[in-house]
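If you read the sequence from its start, that first residue is 1, and numbering goes on from there. Just so it is clear, the model here is predicted, and its values are computed rather than measured. These numbers come from the heavy atoms of this one structure, side chains and all, not from hydrogens, waters or symmetry mates.
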Amino acid sequence: MKHFINLRDIPSKDLKKILKDAKIRKKARQKLSNLEVDRDVPLKGKLLIQMFEKSSLRTRLSFYLSIKQLGGSTLTLRPDELHLSKGGESIEDTAKILSNFGNAFMLRTDDDKKLLEFKRHLSVPVINGLSPSSHPSQILSDIFTVEEIKKKPISKLNITWIGDSNNVLNSLIEASVKFSFKLKIGCPKSYRPNKDIMRYIKYTKNKILIFNDPKKAANGADVIFSDKVISMNDKGDKIKKLINFKKFKINKKLLGYAKKNCIFLHCLPRGTEVDEKVFASNQSKVWEQASNRVHVQKSILLYCFW
Ligand code: CP
Ligand code: NVA
């Protein structure tokens, strides 16, 4: 049994194996519709319990289809209906019950510590479906999308992030270490990655460059990633932040600094960080990106049961 909490804790070879498995599975079910089960029915009889402490559209739907296509089922819990949040039941006791009734637990949380506490008390795998500091299932799936579209290993591509230093970027940074790709980050000076992440970058001697000029970050990119300037956990001055990010908006002019066939990715939901013309262009692959979550998460679930 394995947990899936942060990319930095998972060996590269396992992450690559997850992507290889996802590629095989995706190909094998080209003619099947959404609710049809993979032929080998690998998770027959297994129950994935999911809980969302924050809003979600894509993660909720994609994990639902992921477990269904593997032959299992899912139950989504609302935190406000549990004793855990209402009546003060402990994570320890909640975890015992989740482990007795379910076979895996997917949590989107407003507090990273909860993931670790659940991990400590669960006897089934816990999967991070987004926390304030990371979004690993999103980024692993995005690497799949990049390699699928570019038909190359990501290590041979120039990857750029233009936007806030948030949970999604943290996972992208961890991925750049695990998959050895060059990463350029474009963000205003006061919104650089936090100390913990900077230490991780330094410690892993990773090739990450941070620019305060979005043009320099976009220069020569094969892929440009972005995300909302204001995340769900943001507590700072939102108006000030939006003003500071104005010149980091991804428009056609900025995309002009990247390679001609550069693709644009965004985990969604979007805000004002991307111009409609870029978002709706052929270079934007956001819908393929969202759909691939199902395929990669299936292989993440299988990894958890290895
Ligand atoms: N990208 C993503 O995780 O979307 P949701 O917040 O809708 O799940
Ligand atoms: N950074 C965003 C990602 C949403 C999928 C947030 O945390 O709100």
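- A donor-acceptor contact shorter than 3.5 Å links the side chain of His3 to the backbone of Val126.
- For Thr204 (side chain) and Ile201 (main-chain N/O), a donor-acceptor pair under 3.5 Å exists by modelled atom type.
- Judged by distance alone, the side chain of Asn6 and the main-chain N or O of Arg8 form no donor-acceptor pair under 3.5 Å.
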*Derivation and outcome, side chain to side chain contact (heavy atoms under 4.5 Å, CB included), residues Asn170 and Val168*: CA-CA 5 Å; Asn170 291 346; Val168 181; over 6 Å; no

*Between Arg58 and Leu268, does a side chain to side chain contact (heavy atoms under 4.5 Å, CB included) hold up when you go through it step by step?*
CA-CA 8 Å; Arg58 284 142 284 264; Leu268 304 174; 3.4 Å; yes

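- Although no hydrogens or angles enter the test, the distance criterion places no donor-acceptor pair under 3.5 Å between the side chain of Asp234 and the main chain of Gly236.
- Taking both residues in full, the closest heavy atoms of Gly163 and Cys187 are given as O-CB, 3.3 Å, listed atom of the first, atom of the second, then distance.
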*asked:* Apply side chain to side chain donor-acceptor pair (under 3.5 Å) to residues Arg60 and Gln50 and explain how you reach the verdict.
replied: CA-CA 8 Å; Arg60 188 188 303 266; Gln50 331 187 50; over 6 Å; no

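- Lys119 NZ: 12 or fewer foreign heavy atoms inside a 6.0 Å radius.
- The backbone N or O of Ile162 sits less than 3.5 Å from a side-chain atom of Ser226, completing a donor-acceptor pair.
- Summarising the geometry of Thr59 relative to Gly129, their closest heavy-atom pair is CG2-O, 3.9 Å, with the distance given to 0.1 Å.
- Leu82 and Phe118 fall within a single hydrophobic cluster, where Ile, Leu, Val, Met, Phe, Trp and Tyr are joined by side-chain heavy atoms under 4.5 Å apart, directly or via other members.
- Heavy-atom neighbours of Lys2 NZ from other residues, nucleotides or ligands within 6.0 Å: above the threshold of 12.
- Rounding to the nearest 0.5 Å gives a distance of 5.0 Å between CG of Asp14 and OH of Tyr303.
- For the atom pair NZ (Lys44) and CG (Asp38), the distance works out to 14.5 Å, reported to the nearest 0.5 Å.
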*Using the side chain to side chain donor-acceptor pair (under 3.5 Å) rule, take His295 and Gln69 through it: C-alpha gap first, then chi angles, then the decisive distance, then the call.*
CA-CA 9 Å; His295 303 293; Gln69 291 184 3; 4.9 Å; no

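- Under the 3.5 Å distance criterion, the side-chain polar atoms of Asn167 are left unmatched by any main-chain donor or acceptor of His135.
- Other residues, nucleotides and ligands contribute more than 12 heavy atoms inside 6.0 Å of the NZ atom of Lys247.
- A side chain to side chain contact (heavy atoms under 4.5 Å, CB included) with Leu301 is found for one member of Asn103, Ile18, Val296, Leu48 and no other, namely Leu48.
- Donor-acceptor pairing under 3.5 Å is lacking for the side chains of Asn34 and Lys68.
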*Does the side chain to side chain donor-acceptor pair (under 3.5 Å) test come out yes or no for Ser291 and Glu288, once each step is laid out?*
CA-CA 5 Å; Ser291 300; Glu288 290 97 312; over 6 Å; no

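- Other residues, nucleotides and ligands place more than 12 heavy atoms under 6.0 Å from the NZ atom of Lys150.
- To the nearest 0.5 Å, the span separating CG on Leu172 from CD1 on Ile208 amounts to 8.0 Å.
- With respect to Lys277 and Asp275, no salt bridge is recorded, no charged nitrogen being found less than 4.0 Å from a carboxylate O.
- At a threshold of 4.5 Å between non-hydrogen side-chain atoms, the residues Leu242 and Lys246 do not count as touching.
- The nearest pair of heavy atoms linking Asp110 to Lys54 is CA-CE, 3.7 Å.
- Annotation for Asn282: atom CG does not count as buried by contact number, only 12 or fewer foreign heavy atoms lying within 6.0 Å.
- Heavy-atom contacts from other residues, nucleotides or ligands closer than 6.0 Å to NZ of Lys207 number 12 or fewer.
- Nearest heavy atom pair, residue Ala95 against residue His121, reads CB-CB, 3.6 Å.
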*Kindly determine whether Glu53 and Lys114 satisfy salt bridge (Lys or Arg N to Asp or Glu O under 4.0 Å), including the steps that lead there.*
CA-CA 11 Å; Glu53 295 182 328; Lys114 285 186 197 162; 3.0 Å; yes

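- The aromatic ring centres of Phe264 and Trp287 sit 6.0 Å or more apart.
- Salt-bridge formation is not detected for the pair Glu92/Arg120: no Lys NZ or Arg NE/NH1/NH2 atom is positioned less than 4.0 Å from an Asp or Glu carboxylate oxygen.
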*Could you check Leu183 against Thr160 for side chain to side chain contact (heavy atoms under 4.5 Å, CB included), going step by step and ending with a plain yes or no?*
CA-CA 6 Å; Leu183 177 61; Thr160 289; 6.0 Å; no

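- Taking all atoms of both residues into account, the shortest heavy-atom contact from Gln297 to Ser66 is CB-OG, 3.5 Å.
- When all heavy atoms of Asp142 and Leu265 are compared, the pair lying nearest together is O-CD1, 4.4 Å.
- Residues Leu107 and Ile127 form no side-chain contact, since every pair of their non-hydrogen atoms from C-beta on lies 4.5 Å or further apart.
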*Can you list the steps and then say if Arg270 with Glu276 is a salt bridge (Lys or Arg N to Asp or Glu O under 4.0 Å)?*
CA-CA 10 Å; Arg270 63 177 149 147; Glu276 185 60 36; 2.8 Å; yes

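- No hydrogens or angles considered: a donor-acceptor pair under 3.5 Å links the side chains of Ser176 and Asn206.
- In this structure, CD1 on Ile224 lies 10.5 Å from CD1 on Ile263, to the nearest 0.5 angstrom.
- Between Arg25 and Asp21, at least one side-chain nitrogen of the basic residue sits less than 4.0 Å from a carboxylate oxygen of the acidic one, meeting the salt-bridge criterion.
- Expressed to the nearest 0.5 Å, how far CG of Asn292 lies from CD1 of Ile143 amounts to 12.5 Å.
- For the residue pair Glu148/Thr145, the side-chain donor-acceptor check at 3.5 Å is not satisfied.
- With Ser131 contributing its side chain and Ser134 its backbone, the two residues share a donor-acceptor pair below 3.5 Å.
- Environment of NZ in Lys253: sparse, with no more than 12 heavy atoms of neighbouring residues, nucleotides or ligands closer than 6.0 Å.
- Cluster membership check: Leu140 shares its hydrophobic cluster with Ile149, using side-chain heavy-atom separations under 4.5 Å among Ile, Leu, Val, Met, Phe, Trp and Tyr.
- Hydrophobic clustering places Leu157 together with Leu19 (ILVMFWY residues linked when any side-chain heavy atoms are closer than 4.5 Å, directly or through intermediates).
- When the side chains of ILVMFWY residues are joined at heavy-atom separations under 4.5 Å, either directly or via intervening members, Trp306 and Phe4 end up in a single hydrophobic cluster.
- If you take CG on Asn219 and CG on Leu209, they are separated by 11.5 Å, rounding to the nearest 0.5 Å.
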*Applying side chain to side chain contact (heavy atoms under 4.5 Å, CB included), run through Leu7 and Leu15 and close with a yes or a no.*
CA-CA 8 Å; Leu7 298 181; Leu15 295 172; 3.9 Å; yes

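- Ring centroids of Phe245 and Tyr191 are separated by less than 6.0 Å, placing the two rings close together.
- Side-chain atoms of Lys46 do not come within 3.5 Å of backbone N or O of Ser73 as any donor-acceptor pair.
- Remark: Arg78 is not positioned above the aromatic ring of Phe52, lacking an NZ or CZ atom under 6.0 angstrom from the ring centre and at most 45 degrees off the axis.
- For the pair Ser284 (side chain) and Phe279 (backbone), a donor-acceptor distance under 3.5 Å is present.
- Judged purely by atom type and a 3.5 angstrom limit, Lys189 has no side-chain atom pairing as donor or acceptor with the backbone of Asn212.
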